[in-house]
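Note that the numbering runs from 1 along the sequence shown for the chain. Whatever order the structure lists ligands and atoms in, that order sets their numbers, starting from 1.
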Amino acid sequence: MSRSPSLPERPHLDLDPEMSDAERLSALRQHFERMVDVNRELDQRLQNADDRHAELVDEVDQMKARNEALKTASYYIATVEELTDDGVIIKQHGNNQEVLTEFAPSLNIDDIEPGDRVAINDSFAVQTILDDETDARAQAMEVVESPTVTYDDIGGIDEQVREVREAVEQPLENPEMFEEVGIDPPAGVLLYGPPGTGKTMLAKAVANETNASFIKMAGSELVQKFIGEGARLVRDLFKLAAEREPVVIFIDEIDAVASKRTDSKTSGDAEVQRTMMQLLSEMDGFDDRGDIRIIAATNRFDMLDEAILRPGRFDRLIEVPKPAVEGRRRILDIHTRDMNVADDVDLDALAEELDDYSGADIASLTTEAGMFAIRDGRTEVTGADFDAAHEKLSNVEESGTGPISGFTDYQY
Ligand SMILES: Nc1ncnc2c1ncn2[C@@H]1O[C@H](COP(=O)(O)OP(=O)(O)OP(=O)(O)O)[C@@H](O)[C@H]1O
């Protein structure tokens, strides 16, 4: 810290022993006057210093208050677009404003990559990197790098498996074949049928077999849980998919965002419409479809707005019905293959009896049978356990309250 201006020089008193009394008195008087001047100047300086001190105290108080405000202030959310030598380019959510900015010194630049979501303050400086848990995209979507379901885990819908493979697997594995033949692969595949028949499994299995990632989004969540954010999440879904190619996008319960237009003009409907329009525009703007395949599913085919079924959108419709007797037998096989089943269990007869059961119902039945054995202290599951499970699930059916998906009356 510099000490300026310098202190006034201290007056010097030089008394010569040869001086007369009068001269001595005069010298003393002059000295006294200089001392008074210096004292006055020092007083003035002290006063100035006090004033400056008061100003600084004031400034410190203001800075403390601002610091507190900054600590508690809400931040804006932005996405990192690019890291450059001059700083980082971010795009603010909401207004899409692009800004070249910098990081708070506490952040490590190596931890950041394009695509990350970050919190920025009023001056756009990046304050925090948001982790996946705080990422709304991650909350709204289930992302599986490599699902483990295989075609072998799916029973009773072989024809549907074949069709899905043709429409989804072929364009992923052999895109050049479509080019050579000169046709576009189907844009989107719509699986429709009662609940619990294996639609989600089918989408996961095709992702697995093609080494693609699997991103699932539920239509009902888009409009119920993330109110007002549906359209943005659909945009995010396709953006995320583009980052993860090859990828299978699975939109479950598509009817929630793509049902026939109703006359009512409630804001909820407007929001659903916006979400659907976003979905349609994403699909329409999709030129290079090879590495991103879209599968949607619904239990309410009758509710769908025809706009989503036009060519270039969901133009391959595949019905996934409840399994017939051979299908039920195959699904029983699949779900009992890791079970310790007693010799008295007749799966053929059981398959005959399970009329109207979906795959999910059969999965519940086998689990329930296992529970009966455990309750009885046994490790082997007997025919009686399966009968008891069947009876229990049938009672659930009659009371109409049960967890059994296939028993609800769905139109499709
Ligand atoms: N065809 C099937 N083969 C074997 N298991 C099946 C089959 N269908 C359903 N399951 C069992 O039911 C569970 C649920 O199936 P899945 O989620 O694929 O049904 P879904 O048709 O997508 O149902 P929803 O329409 O209710 O979403 C599966 O995890 C599996 O255990």
**OP:** Could you list which atoms of ligand 1 come closer than 4.0 Å to a heavy atom of T197?
**Re:** 1 (N), 8 (N), 9 (C), 19 (O), 20 (P), 21 (O)
**OP:** Pick, from D153, N299, T200, the option with the minimum heavy-atom distance to atom 4 (C) of ligand 1.
**Re:** D153
Original post:
Do you see a donor-acceptor pair shorter than 3.5 Å between the side chains of D51 and Q47?
Top reply: yes
Original post:
Would you find a donor on one side and an acceptor on the other, under 3.5 Å apart, between the side chain of Q127 and the backbone of A125?
Top reply: yes
**OP:** Answer side chain, backbone, both or neither: which part of H335 comes under 4.0 Å from ligand 1, heavy atoms only.
**Re:** side chain
Original post:
Numbering the atoms of ligand 1 from 1, which are under 4.0 Å from a heavy atom of K199?
Top reply: 18 (O), 19 (O), 20 (P), 21 (O), 22 (O), 25 (O)
Original post:
Numbering the atoms of ligand 1 from 1, which are under 4.0 Å from a heavy atom of I331?
Top reply: 1 (N), 2 (C), 3 (N), 4 (C)
Subject >> Residues that K199 engages under salt bridge (charged side-chain N to carboxylate O under 4.0 Å, His left out), provided they are two or more places apart >> reply: none
Original post:
Counting heavy atoms only, which of K322, K216, M201, R328 is nearest atom 28 (C) of ligand 1?
Top reply: M201
Original post:
Around atom CZ of R375, are there more than 12 heavy atoms of other residues, nucleotides or ligands at under 6.0 Å?
Top reply: yes
Original post:
Backbone or side chain, does any N or O of I157 fall under 3.5 Å from an N or O of ligand 1?
Top reply: no
Subject >> Atoms of ligand 1, numbered as shown, that sit under 4.0 Å from any heavy atom of G155 >> reply: 1 (N), 2 (C), 3 (N), 4 (C)
Subject >> A360 neighbourhood, listing ligand 1 atoms whose heavy-atom distance to it stays under 4.0 Å >> reply: 9 (C), 10 (N), 11 (C), 12 (O)
**OP:** Could you list the atoms of ligand 1 found under 4.0 angstrom from a heavy atom of G196?
**Re:** 8 (N), 9 (C), 19 (O), 20 (P), 21 (O), 23 (O), 24 (P), 25 (O), 26 (O)
Original post:
Would you say T150 and N208 make side-chain contact, with heavy atoms under 4.5 Å?
Top reply: yes
Original post:
Should the ring pair Y357 and H390 be called parallel, tilted or perpendicular, given that the plane angle runs from 0 to 90° and is split at 30 and 60?
Top reply: perpendicular
**OP:** Give the atoms of ligand 1, by number and element, whose distance to some non-hydrogen atom of I154 is under 4.0 Å.
**Re:** 1 (N), 3 (N)
